[in-house]
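We count ligands from 1, going down the list as the structure has it; atoms in each ligand are counted the same way.
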Amino acid sequence: MTSSAPSLQVVVLAAGQGKRMYSSLPKVLHPLAGRPLLAHVIAAARLLSPRHLCVVVGHGAQAVRERVAAADVVWVGQERQLGTGHAVLQAMPHLEDEGTVLVLYGDVPLIGAETLRALVDAAGGDRLALLTQEIADPKGYGRIARDANGRVARIVEEKDATDAERAIREVNTGILAAPRRKLAAWLSALRNDNAQGEYYLTDVVAAAVAEGVAVEVRHPRAAHESLGVNSMAELASLERRFQMNQAARLLESGVTLADPSRIDVRGELACGRDVSIDVNCIFEGRVSLADGVHIGANCILRDSTVGAGTEIRPFTLVEGAVIGANARIGPYARIRPGTQLADDVHIGNFVEVKASTFGRGSKANHLAYVGDSSVGSAVNIGAGTITCNYDGANKHRTVIEDDVQIGSDVQLVAPVTVGKGATIAAGATIVKDVPPGGLTLTEAKQVTDPGWKRPRKK
Ligand code: UD1
Ligand code: CA
């Protein structure tokens, strides 16, 4: 992280309602890759190490402040949205007198720190720097109007533009950097006698030109960085863009993706060498996959660590777990928070494991529930076996020591301990501790009535 001029201050505009989202959630709280739009912008701003980070909120201010709680953010209210210039003006009293102010937007989430750094550098401390872009269809944007010498003269909003101005394809992204003192003066002098009756931030450009302040222009490093979210369609399209970028990074680092357009990373995914990921997998929070991990199709992993050589088979959900090396999980397994599986563990189809530890080489291959349990090493848990860990009021622990063999359809009524090397016969209901070694069975004797007749319909 390089820190730019110590006097950089950032203002993020996030007061708008987002009418075209047709949602009761404030626009900047809609998630992109699992995080609110505004959180992406704040993260980009932080990479510049600003002195102050001000966010201007209005619609849903309370919800926004709660959801995007951040100790380094100064929240500024804008009760009525009287325009972008009015919005930035609200932040002024919360900024230091000197330095450069960078204006960002809470609904432009893909903006990159390198683009911003270049813009702040262009502003220098005494110039106005605008982030502009040539686009094929400039409709709706403010246009960059230049004089006969090609120098920026002003920004004209679509609704105030003449036909000739509307033909201009260089548009204002909205993002700019300006000297703090001058910006304050320009903002205080703004008028709202325009087509929208708003105080336009963009009018500071003409003010700068009138004062002879140099206006610099920079462009985003990647075209999509300046895209904003005004509708669900735009949100979905930025989500795909973001995911494609992440997939590209994974491919570049040597991860095999069966289809880069069918992976979603909503957080941080760290991969070792020779990791392969099949289609339709979702990674949330912090997930780390060691060398040689293979993730089958349609898996969801959240806040988990997977050891080298482990295979997560299709349709498996892993949450808050630590899985060792060379393990085999799934298909159709559910690993819940607080679970730690040692190396060589096998968890098979329709097995749910919650807040439990499994020692090396232990297996539960089919149809089982293991909750609040400590399972030793080399244990085999048969199909249909469940720990009865809940008495309706409290959860109790089950301890299964090393080398235990549990047959099919066993109920272990916790709290209970099964001693080392014990074998439990199929169908047993274990209500008290089982001693080490030996065979424990509780099932009724099997009897046959050879003369029995099936009932018949009357
Ligand atoms: C603005 C620019 C336009 C640029 C476009 C890029 C102005 C006058 N125009 O137009 O040149 O091409 O962005 O998308 O600046 N906001 C507030 N408080 C307000 C008004 C707006 O916080 O009082 C926030 C909105 O929530 C939004 C952003 O500022 O995130 C932009 O406002 P919006 O009204 O969408 O501006 P545009 O008309 O798109
Ligand atoms: Ca807009």
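- Nearest to atom 19 (C) of ligand 1 by heavy-atom distance, out of Gly140, Gly58, Gly83, Ala15, is Gly83.
- Within the structure, the closest approach of Leu82 to ligand 1 falls below 4.0 Å when heavy atoms are considered.
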For residues 210-218, which side-chain N or O atoms pair as donor and acceptor with protein atoms under 3.5 Å away, sequence neighbours left out?
unit_1	atom_1	unit_2	atom_2	d
Glu211	OE2	Trp186	NE1	2.9
Glu216	OE1	Arg218	NH1	3.3

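- The residues Arg20 and Glu234 are annotated as not salt-bridged, no charged nitrogen and carboxylate oxygen being separated by less than 4.0 angstrom.
- Heavy atoms of Val171 come nearer than 4.0 angstrom to ligand 1 in no pair at all.
- Between Arg154 and Glu165, at least one side-chain N (NZ, or NE/NH1/NH2) sits under 4.0 Å from a carboxylate O, which counts as a salt bridge.
- For ligand 1, none of its N or O atoms has an N or O atom of Gln196 under 3.5 Å away.
- Considering backbone and side-chain N/O of Asn172, one or more are found under 3.5 Å from N/O of ligand 1.
- A distance-only check finds no donor-acceptor pair linking the side chain of Arg143 to the backbone of Val171 [under 3.5 Å].
- Close contacts between ligand 1 and Asp107 involve ligand atoms 27 (C), 30 (O) [criterion: under 4.0 Å to a heavy atom].
- By the 4.0 Å heavy-atom criterion, Glu157 is counted among the residues contacting ligand 1.
- When only interatomic distances are considered, the shortest N/O to N/O separation between Gly16 and ligand 1 falls below 3.5 Å.
- For ligand 1, the atoms closer than 4.0 angstrom to any heavy atom of Thr173 are 6 (C).
- By the criterion of a heavy-atom distance under 4.0 Å, the side chain of Tyr105, and not its backbone, is placed next to ligand 1.
- Only side-chain heavy atoms of Gln78 come within less than 4.0 Å of ligand 1; its backbone N, CA, C and O stay farther off.
- Counting heavy atoms closer than 4.0 Å to ligand 1, residue Val108 contributes nothing at all.
- For Arg336, the CZ atom sits in a packed shell: over 12 heavy atoms of surrounding residues, nucleotides or ligands are nearer than 6.0 Å.
- Side-chain atoms of Gln81 and His59 include a donor-acceptor pair closer than 3.5 Å.
- The heavy atom nearest to atom 15 (O) of ligand 1, out of those in Val205, Leu89, Val41, Thr84, is found in Thr84.
- Residue Glu198 has no N or O atom closer than 3.5 Å to an N or O atom of ligand 1.
- Residue Arg166 comes nearest to Glu158 through the heavy atom pair NH2-O, 3.0 Å, listed as atom of the first residue, atom of the second, then distance.
- Contact check on Lys395 versus Asp372 returns no salt bridge, with no Lys/Arg side-chain nitrogen under 4.0 Å from an Asp/Glu carboxylate oxygen.
- Checked by atom type and distance alone, the side chain of Thr173 pairs as donor or acceptor with a backbone atom of Leu131 at under 3.5 Å.
- Residue-ligand proximity, Gly142 to ligand 1, at heavy-atom distances under 4.0 Å covers atoms 3 (C), 4 (C), 11 (O), 12 (O).
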